[in-house]
Amino acid sequence: MDFAQIILSPFVWLLTFFYNFFCYGIALILFAVVVKLILFPFALKGKRSMIQMNMLQGKMQKLQKQYGRDRERYNLEVQKLYEREKVNPMGGCLWSFLPLPILMALYVIIRRPMMYLMGIPDAAVTSAIKAVTDAGIAFTGNTAYHELQLAGMLKDSSVMDLVSSAIPDYADKLSAINFNFFGIDLSQVPTLKF
């Protein structure tokens, strides 16, 4: 198990847990709700820090008028103000970056369902995609999303048989993921048609 899989495993577990009870779209929504609940205390801390910074704006403007020409002295007085008021100027923005790694992890998991949700190695997934392509089944869009589309195609028994014969060592791990959510196939690459 490589480093990326170790980091992604709790996210995979949570998404798989929700998918076992609900459809894929609802599983993604519940995943997002759980992440929001976990990150809520951090977001609250960041909001408090931003409010404290806004409340200090009047005092900082007063210091700006008082020490406007002497930049070094102004910065020193601002630091003293932060210490007196127990405010961290970076406290508001640092917490807002916390959801970014989680969103990146979720993107990787959603884009590679056969590898992360089914536990099939990358080389076997590549072989399965090649077998399906060689059989004349066309993928749409960028090659980066072929695995996602193939996972959606597994509900067709002929595709499932084709992939099972292409990667027999992992045939027991294959499962059809229902990507339909309110009539939208979440495995398909969106296209705009005007």
Side-chain angles (χ1 to χ4, degrees), residues 1-40 43 96-194:
M1 188 179 257
D2 66 345
F3 184 69
Q5 287 180 320
I6 292 170
I7 290 174
L8 294 176
S9 62
F11 301 111
V12 170
W13 180 86
L14 185 62
L15 191 60
T16 305
F17 175 78
F18 286 137
Y19 180 71
N20 288 336
F21 293 103
F22 305 101
C23 71
Y24 192 72
I26 298 294
L28 290 174
I29 291 169
L30 290 174
F31 180 91
V33 168
V34 167
V35 167
K36 273 295 204 191
L37 288 173
I38 291 170
L39 294 179
F40 180 74
S96 60
F97 289 112
L98 197 56
L100 193 60
I102 295 170
L103 287 174
M104 289 168 44
L106 182 60
Y107 173 73
V108 169
I109 294 167
I110 288 171
R111 198 174 69 91
R112 308 283 319 265
M114 293 179 75
M115 183 173 186
Y116 292 107
L117 298 179
M118 296 180 205
I120 300 171
D122 195 31
V125 171
T126 304
S127 298
I129 291 171
K130 185 177 178 341
V132 170
T133 305
D134 291 345
I137 300 172
F139 292 100
T140 59
N142 191 329
T143 58
Y145 299 100
H146 287 181
E147 180 179 338
L148 178 65
Q149 291 176 358
L150 180 58
M153 291 180 198
L154 290 177
K155 61 185 170 233
D156 183 355
S157 61
S158 62
V159 175
M160 178 68 93
D161 292 340
L162 180 65
V163 172
S164 295
S165 63
I167 52 171
D169 295 341
Y170 303 102
D172 59 326
K173 292 185 174 189
L174 290 172
S175 62
I177 298 176
N178 183 7
F179 288 107
N180 288 325
F181 184 63
F182 293 121
I184 299 171
D185 187 359
L186 299 177
S187 68
Q188 295 302 311
V189 178
T191 57
L192 294 175
K193 294 182 182 176
F194 295 102

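Side chains included, hydrogens not; waters and symmetry mates left out as well; all remaining heavy atoms used.
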Salt bridge (Lys or Arg N to Asp or Glu O under 4.0 Å) partners for Asp161, two or more places apart:
none
Listed by chain and number, what are the side chain to side chain contact (heavy atoms under 4.5 Å, CB included) partners of Ser164, not counting sequence neighbours?
Met160, Ala171, Leu174
Acceptor/donor pairs from residues 10-21 side chains to any protein atom, 3.5 angstrom cut, sequence neighbours excluded:
| residue | atom | partner | partner atom | Å |
| --- | --- | --- | --- | --- |
| Thr16 | OG1 | Val12 | O | 2.7 |
| Tyr19 | OH | Asn178 | N | 2.8 |
| Asn20 | ND2 | Thr16 | O | 3.3 |

With sequence neighbours left out, write down each residue that passes side-chain hydrogen bond (donor to acceptor under 3.5 Å, both in side chains) with Asp169, or none if nothing qualifies.
none
Test of understanding: with salt bridge (Lys or Arg N to Asp or Glu O under 4.0 Å), list the residues that count as partners of Lys173, not counting sequence neighbours.
none
Nearest heavy-atom approach of Phe22 to Ala27 is CB-N, 4.5 Å
Can you run down the salt bridge (Lys or Arg N to Asp or Glu O under 4.0 Å) pairs that involve residues 19-34, sequence neighbours left out, and say none if there aren't any?
none
Pairs under 3.5 angstrom only: tabulate donor-acceptor contacts from the side chains of residues 30-37 to other protein residues two or more places apart or in another chain.
none

Could you work out, with side chain to side chain contact (heavy atoms under 4.5 Å, CB included) as the rule, every residue matching Tyr107, not counting sequence neighbours?
Arg111, Tyr145
side-chain hydrogen bond (donor to acceptor under 3.5 Å, both in side chains) against Ser158, all qualifying residues, sequence neighbours excluded:
Asp156
Looking only at heavy atoms, what is the nearest atom pair of Glu147 and Met114, with distance?
OE2-N, 2.9 Å
Indicate every side-chain donor-acceptor pair of residues 125-138 with a distance under 3.5 Å to a residue at least two apart or in another chain.
| residue | atom | partner | partner atom | Å |
| --- | --- | --- | --- | --- |
| Thr126 | OG1 | Asp122 | O | 3.0 |
| Ser127 | OG | Ala123 | O | 3.1 |
| Lys130 | NZ | Asp134 | OD2 | 2.9 |
| Thr133 | OG1 | Ile129 | O | 2.8 |

For Ser175 and Leu154, which heavy atoms make the closest approach, and how far apart are they?
O-CD1, 3.7 Å
